[in-house]
Amino acid sequence: ASGLGSDVCYWSMGDTQEKEGILPERAEEAKLKAKYPSLGQKPGGSDFLMKRLQKGQKYFDSGDYNMAKAKMKNKQLPSAGPDKNLVTGDHIPTPQDLPQRKSSLVTSKLAGGQVE
Amino acid sequence: MFLKFSLHSMFYGAGGGNDIQWCFSQVKGAVDDDVAEADIISTVEFNHSGELLATGDKGGRVVIFQQEQENKIQSHSRGEYNVYSTFQSHEPEFDYLKSLEIEEKINKIRWLPQKNAAQFLLSTNDKTIKLWKISERDKRPEGYNLKEEDGRYRDPTTVTTLRVPVFRPMDLMVEASPRRIFANAHTYHINSISINSDYETYLSADDLRINLWHLEITDRSFNIVDIKPANMEELTEVITAAEFHPNSCNTFVYSSSKGTIRLCDMRASALCDRHSKLFEEPEDPSNRSFFSEIISSISDVKFSHSGRYMMTRDYLSVKIWDLNMENRPVETYQVHEYLRSKLCSLYENDCIFDKFECCWNGSDSVVMTGSYNNFFRMFDRNTKRDITLEASRENNKPRTVLKPRKVCASGKRKKDEISVDSLDFNKKILHTAWHPKENIIAVATTNNLYIFQDKVN
């Protein structure tokens with residue numbers, strides 16, 4: 001890591017315990033930036049706030065859906081892959097992708113067949 | 001004296017509540033490893049007496065367990081918790097206007113103190129809070145004149161005598177019914193609900209706003225905190241948790257994603273945007289990294305029973321704050337400091353965003369929180385000793401004392417220690433609860449609920 005020369009003074013007595021704590025975190029940060037160079041300069045957190053606020057957002061365009069259906073005619077529409085959280089893009093949601101309305105009659109396993 | 005002390009620790013584990021020996025008591029839930037998403041436990045809460053224990057799950061269901069009355073003869077253990085009631089609290093919804101999928105996952109359950117024969121609790125998902133009444137029925141009327149016992153109506157011409165219906169005992173039936181539905185007050189996702197000490201009002205908090213409700217009134221609520229910026233581009237922090245003070249009905253706190261806690265007094269103004277106190281531990285700017293803000297985000301805030309302290313949980317630690325001191329916590333406990341050198345991978349697998357809760361014991365002397373690998377930690381505030389225990393079916397003989405666990409951060413791993421790289425990060429204990437009076441704890445793994453008790457001789 002760069003700047004190690006300037007860190008040398010941190011190894012003096014007294015402060016070592018506290019300063020040793022920075023190095024693992026900074027090392028981890030360097031690892032992350034090496035893997036994802038495009039990661040913003042913003043401190044980690046801000047991007048996630050927006051993502052957190054948008055949780056649950058699912059966009060559906062009836063025009064796209066009907067066009068895709070018309071194009072496909074008899075063929076099956078592509079169904080959602082493992083990532084059902086695709087918000088926009090190539091995937092056109094289909095009725096099969098929508099979460100099934102769960103039966104209210106399914107009892108929680110905590111309430112049945114207790115294993116002691 | 002010192003030698004005796006350390007030998008004691010060797011045999012019984014390094015403290016955790018005046019050398020309490022924690023024993024396995026019960027485990028609820030399925031054994032299979034293939035966990036259905038609906039079965040993921042999302043909240044655990046004892047009621048005020050500790051007699052009832054409620055769990056909520058991702059499937060929107062609530063299961064309530066009741067402690068059986070102590071058998072006078074069997075004094076070697078406290079009563080077991082058995083299923084008392086279970087019901088579907090919330091259903092999945094879709095908000096068509098906003099194209100928003102609303103999960104039925106129960107985020108929080110809070111019990112009301114008991115006022116009459118029935119029990120009441122509040123349960124909430126991301127958008128809607130519900131007040132549930134749980135009542136017992138142990139007798140039913142029999143001997144109607146116009147109805148048969150099975151409910152069919154009798155032919156009136158066959159009725160020749162009149163009788164007075166009487167109540168006869170029946171098998172206990174526990175019924176849950178929704179008494180109030182508090183909806184349409186939150187644009188963002190509800191993370192907390194907290195009942196006021198006046199037992200008439202409660203607050204609900206989402207990412208940007210906190211609302212005050214009256215338990216009897218569902219068609220309006222008062223907004224008491226609003227941190228939404230005029231321009232959403234300027235958004236820098238969100239509300240992560242909120243709680244009313246246990247004794248002062250005008251005081252509440254809310255925590256943020258930046259590691260701050262604000263205490264507000266509702267007497268000061270209608271909109272509590274200006275805090276009365278701001279609790280924040282100063283950070284050395286030279287220590288800052290990309291991860292600093294994320295790991296400082298507070299995932300839970302809990303007042304002590306006394307009301308004098310509050311506890312916060314961030315990714316790596318638990319902090320105890322004295323309400324009279326804003327500039328730093330009075331106690332800090334490291335939950336799993338060894339994860340600091342794993343932050344890169346924890347960020348990549350999203351674990352760094354896991355929201356751990358924390359809780360106090362009844363006397364505020366010990367605090368508890370969860371970790372990974374189905375480990376959970378307890379910190380004794382008086383002895384300053386801590387202990388790591390594991391919720392696992394391997395120890396499931398009742399009254400088996402749990403063996404303390406240890407994670408080896410670096411260097412040579414001793415026998416029985418587990419290395420950081422062997423930890424299972426999918427096995428997280430996010431939710432724990434401590435009985436208000438006894439040393440009985442409920443610990444939720446992904447889909448199982450463990451109950452542990454201290455050893456009763």
Side-chain angles (χ1 to χ4, degrees), chain A residues 6-7 10 15 18-36 39-61 84-85 87-88 93 98-116, chain B residues 26-31 36 38-39 41 55 57 59-63 65 82-83 86 88 91-92 94 98-104 126 188-189 207-208 232 235-238 257-258 284 286-294 297 337 340-344 347-348 353 393 396 398 447-449:
Chain A
S6 57
D7 284 347
Y10 291 154
D15 274 341
E18 208 183 82
K19 297 299 179 191
E20 268 171 4
I22 325 167
L23 299 176
E25 212 172 300
R26 282 282 173 79
E28 291 296 299
E29 181 179 23
K31 244 195 263 181
L32 192 71
K33 292 227 159 111
K35 277 194 181 181
Y36 309 101
L39 208 56
Q41 288 310 300
K42 289 188 276 182
S46 346
D47 288 334
F48 300 101
L49 296 186
M50 290 313 291
K51 200 166 131 184
R52 179 182 174 141
L53 296 182
Q54 287 193 334
K55 175 189 134 188
Q57 208 80 48
K58 289 225 170 343
Y59 294 105
F60 175 80
D61 187 313
K84 285 204 169 169
N85 293 321
V87 186
T88 54
L98 295 176
Q100 294 301 316
R101 185 183 156 79
K102 286 142 198 162
S103 166
S104 309
L105 299 174
V106 177
T107 310
S108 162
K109 293 196 180 110
L110 292 185
Q114 300 171 18
V115 179
E116 295 297 324
Chain B
Q26 297 170 271
V27 62
K28 311 279 185 194
V31 192
D39 292 326
I41 299 172
T55 60
D57 65 22
R61 300 163 301 190
V62 171
V63 182
F65 302 92
N82 300 316
V83 179
T86 178
Q88 186 78 33
E91 300 270 5
F94 194 86
K98 296 180 188 163
S99 286
L100 193 69
E101 197 174 56
I102 302 166
E103 268 194 303
E104 67 276 33
D126 282 339
Y188 302 99
H189 300 103
D207 294 310
L208 297 177
M232 283 300 269
L235 181 71
T236 54
E237 69 184 320
V238 295
S257 52
K258 276 188 157 176
D284 183 351
S286 66
N287 283 354
R288 255 194 109 68
S289 76
F290 174 82
F291 303 110
S292 301
E293 192 174 304
I294 304 177
S297 177
E337 180 66 15
R340 200 179 286 270
S341 49
K342 300 286 170 196
L343 291 178
C344 180
Y347 175 91
E348 288 179 292
F353 300 105
R393 282 174 186 273
N396 65 0
N447 64 330
N448 284 174
L449 182 72

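Hydrogens, waters and symmetry mates are skipped; everything else that's a heavy atom, side chains included, is used. Numbered from 1 within each chain, the chains take letters A, B, ... in sequence-line order.
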Heavy-atom nearest pair, B:Leu449 first then A:Leu110, reads N-CD2, 4.1 Å

Which heavy atom in A:Arg26 sits nearest to a heavy atom in B:Arg288, and how many Å separate them?
NH2-O, 2.8 Å

If you compare all heavy atoms of A:Glu29 against all heavy atoms of B:Phe290, which two are closest, and at what distance to 0.1 Å?
OE2-N, 2.9 Å

Please look at B:Ile102 and chain A and tell me whether the side chain, the backbone, both or neither of the residue comes under 4.5 angstrom of a heavy atom of that chain.
neither

Locate the shortest heavy-atom distance separating A:Leu53 from B:His189; write the atom from each residue and the value.
O-CE1, 3.9 Å

Can you say whether B:Asp126 sits under 4.5 Å from chain A via the side chain, the backbone, both, or neither, judging by heavy atoms?
side chain

Side-chain heavy-atom pair A:Lys31, B:Tyr347 within 4.5 angstrom cut-off:
no

Keeping the roles fixed (side chain from A:Glu28, backbone from B:Leu343), state whether a donor-acceptor pair exists under 3.5 Å.
yes

Using a 4.5 angstrom heavy-atom cutoff, name the option from B:Leu208, B:Asp57, B:Val238 with the most pairs to chain A.
B:Val238

Between B:Asn447, B:Val62, B:Asp207, which residue shows the highest count of heavy-atom pairs closer than 4.5 Å to chain A?
B:Asp207

Specify the closest pair of heavy atoms between A:Glu25 and B:Ser289, including all atoms of both residues, with the distance to one decimal.
OE2-OG, 2.8 Å

